[in-house]
Number of protein chains: 2
Amino acid sequence: MPTIRDVARLAGVSPATASLALRARPGVRALTRKLVEDVATELRYVPNLTGRRLARGRADALGVIQGLNMTTLFSDAFYRLVLSGVGEAVHASDYSLVIAPALRPGVGVDHLMRFVGPGTVDGVLIVGVLDPEWVLAILERGLTVVVVDNHLPGTKVPAVVHDYRGGARLVTEHLLALGHRRVGLVGADVAYPFGWETQDGYRDALAARGLDCDPALVRLTAIGVDAAAAATHGLLDLPDPPTAVVTVTDMMAIGALRAVRERGLRVPEDLAVAGMDDVEISAHTDPPLTTLRVPKEEMGRLAAERLMALSRGESPVPRIAELSGTLIVRKSCGAAGSDPAPEGRATSLGYA
Amino acid sequence: MPTIRDVARLAGVSPATASLALRARPGVRALTRKLVEDVATELRYVPNLTGRRLARGRADALGVIQGLNMTTLFSDAFYRLVLSGVGEAVHASDYSLVIAPALRPGVGVDHLMRFVGPGTVDGVLIVGVLDPEWVLAILERGLTVVVVDNHLPGTKVPAVVHDYRGGARLVTEHLLALGHRRVGLVGADVAYPFGWETQDGYRDALAARGLDCDPALVRLTAIGVDAAAAATHGLLDLPDPPTAVVTVTDMMAIGALRAVRERGLRVPEDLAVAGMDDVEISAHTDPPLTTLRVPKEEMGRLAAERLMALSRGESPVPRIAELSGTLIVRKSCGAAGSDPAPEGRATSLGYA
DNA sequence: TTGTAAGCGTTATCAC
DNA sequence: GTGATAACGCTTACAA
């Protein structure tokens, strides 16, 4: 592997000059630059990033740490789109993207530093939910941190979040606007903001119509297809069952669809079902899901941009950026809608 | 940021000893080691990976370069599972995973070296199809390369591939075994191995039964839902249309399903449809797809392992590793089957 | 068992 | 404009 000294020697200049020339920096004669460049291509010289990083004291790279509320970043229907946005932004700025292993029992924060420690990356993005102590442990290791799709109340950790409260309200209001008066909630029984924000949004919508919240209609369960199916069965077992239900993720909505099907009932005639997230599969269920489109890629993009800014010493404000979703009306609530354009780059960036 | 010299100084030892102690290497007294470790945790010392990489001359990291036959590695239904397997293997070996930006006009191989050049990674995995010249250009830059899901005939580039020929044959045979005699092929009009291998497999199956291959039943199109739908329409327009069709990807099968639906016909009664790949969505179409399960995660895992072995100087044989898929019988061909376990590790988010 | 010293490949500072 | 030279943080002979 030729080094910059090899290039310099063959070009008859010093390494310093060769370095300047190859990076097209001012302060080197055009002729000299040309000479150096020619030698470099001749030698098939590739600058060694590691050397450069050490010398410059920065990596121009970002790390990604996955939260605990997903099995795998790559396979999770929601987060892989966030990751896609991250990749876009990072590469657009000529930063590298480093993926850390998932935290597991046995893989602690210190182990993580062997992959995304200071020096290798200029900061890390925490995607999803991670115990606050762990986040703080990461900060203590000297890394710049931005959290996506979660925030740590009571801390100063910058975050990019989605307005789940407003989103849940929007979805619930849609059902109410369709005339439903008994709307159930299949919520998430989790101890992080997503859990209570979605419940609050649901209650906001009811309250705005002056409706009472019947506790029997609220079921908190694990986030998953099976648990949501069970919860839906529970709702339909009620003496006075709901005519519509909001599930806080689309995968849970798929569970609800299954429960209805298992009873020989139909969606939306017997039960209207609305989800949240708008993942790939949501347009292909039977019937296609009415849901809230969470701007997943945009969240990833924004978070990456903020992290890069932070690593350059800038301080983006506000500390917490909140994006809002949009209602996607398909067929699972009865108000038929044509399928909208798939989620893509051009999304309105509604700060709340 | 404390360095190893800080740790050494405070522990009253030399950097060399501190280095040995912190890496739990032999040749240092237990007491000394304990002392060094204590100082390190006290100082919150995190070893700087960049320094280590430079000193050791290896990165313990792998890069991933995405091929041209996908939009995004993270969002592609097929390749994200390959990537998932890669991540698993890489992290299991304590290697880092670096994602390179997609090659585009303007992002050439040299630009790529700013992300996954020698020094930063010990080798790169090329996922999917890339022009042979580009692969060679990467090799010329001194990187170790393994290609996944494609191979470069006539070169010595190691690869992990899937037996698409055998797979297409398996799927076609399934249709023939069900009694179909006019089986169409919606193949891929592409100039890389996948294209012709799938065609060969289809013909193999027919030949094994002593059937002629009616050229009118073979349609080569772009890989995509719409093109496949159009091709299927073409087949159904024939005076003597097929009673079954094989599409070489599941996304194309979805196009075929749509075409049948658009004509007011039914699957499988009027046309049996079989796909290949078995992506996430394939179990959720209406009807669920009978398809070939390509071991995507396994391919990624194996490729990563081979690349790591290669980077350590070992030479895995054979140069090309070929994996085979398995037939997944669902309902789109009429031979009802219960849905098999999903690919990969059990996930609580498992689809219904 | 421990310390010294020489690199690894690059960039940045400063003379010239 | 260009060239020495000194870092950057770590590992590893080799010497003690």
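Letters go in sequence order (proteins before strands), and every chain restarts at 1.
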Please say which of L10(A), L22(A), V36(A) ends up in a side-chain contact (heavy atoms from CB on, under 4.5 Å) with Y45(A). L22(A)
Grab the CZ-C1' distance between R58(A) and dT10(C) for me, whole Å please. 15 Å
Integer-rounded Å distance: dG3(C) C1' and R9(B) CZ: 15 Å
Ion pair check, E37(A) and K34(A), cut-off under 4.0 Å: no
At the 4.0 Å heavy-atom cut-off to chain B, mark where contacts on DNA chain D begin and end, going 5' to 3'. dG9(D) to dT12(D)
In whole Å, I'd like the distance from the CZ atom of R114(B) to the P atom of dT11(C). 11 Å
Please tabulate, for side-chain N and O atoms in residues 129-140 of chain B, each donor-acceptor pair with protein atoms closer than 3.5 Å (sequence neighbours left out).
| unit_1 | atom_1 | unit_2 | atom_2 | d |
| --- | --- | --- | --- | --- |
| E140(B) | OE1 | R44(A) | NE | 3.2 |
| E140(B) | OE2 | R44(A) | NH2 | 3.3 |

If the helix axis at each end comes from five base pairs, how far does the helix from dT1(C)-dA16(D) to dC16(C)-dG1(D) deviate from straight, to 10°? 40°
R53(B) near the nucleic acid: base, sugar-phosphate alone, or nothing, with a heavy-atom cut-off under 4.0 Å? nothing
Is any NZ, NE, NH1 or NH2 atom of the basic residue among D60(B) and R114(A) found under 4.0 Å from an Asp or Glu carboxylate oxygen of the other? no
Intermediate values then yes/no, side chain to side chain contact (heavy atoms under 4.5 Å, CB included), D76(A) and R80(A): CA-CA 6 Å; D76(A) 185 274; R80(A) 67 178 173 237; 5.7 Å; no
Stepwise side chain to side chain contact (heavy atoms under 4.5 Å, CB included) test for L307(A) and T144(A): CA-CA 7 Å; L307(A) 182 51; T144(A) 308; 3.8 Å; yes
Would you tabulate the pairs of protein nitrogen or oxygen atoms and nucleotide nitrogen or oxygen atoms of nucleotides 12-16 of chain C closer than 3.5 angstrom?
| unit_1 | atom_1 | unit_2 | atom_2 | d |
| --- | --- | --- | --- | --- |
| dA12(C) | OP2 | R23(A) | NH1 | 3.4 |

Per the under-4.0 Å heavy-atom filter, residues of residues 29-38 of chain A near DNA chain D come out as R29(A), T32(A)
Without decimals, in angstroms, what is the distance between L54(B) CG and dG7(C) C1'? 9 Å
Please report, rounded to the nearest Å, how far the P atom of dT10(C) is from the CE atom of M113(B). 15 Å
Rounded to the nearest 0.5 Å, what's the gap from CG on D110(A) to OG1 on T41(B)? Could you check? 9.0 Å
Using every non-hydrogen atom in the two residues, find where G128(B) and M70(B) come nearest and quote the distance to one decimal. CA-CE, 4.1 Å
For residues 12-25 of chain A, pull every pair meeting side chain to side chain donor-acceptor pair (under 3.5 Å), keeping only residues two or more places apart or in separate chains. S14(A)-T17(A), S19(A)-R23(A)
Measure centre to centre between the rings of F194(A) and H162(A), then say whether the value is under 6.0 Å. no
Contact class for G57(B) (heavy atom, under 4.0 Å): base, sugar-phosphate, or nothing? nothing
Show the numbers, then the answer: is there a side chain to side chain contact (heavy atoms under 4.5 Å, CB included) between Q66(A) and Y79(A)? CA-CA 9 Å; Q66(A) 79 169 60; Y79(A) 287 108; over 6 Å; no
Which heavy atom in A59(B) sits nearest to a heavy atom in D122(B), and how many Å separate them? N-OD1, 2.8 Å
Considering every strand and a 4.0 Å limit on heavy-atom distances, what is the contact class for G117(B): base, sugar-phosphate, or nothing? nothing
Flag yes if more than 12 heavy atoms outside R5(B) fall under 6.0 Å of its CZ atom; otherwise flag no. no
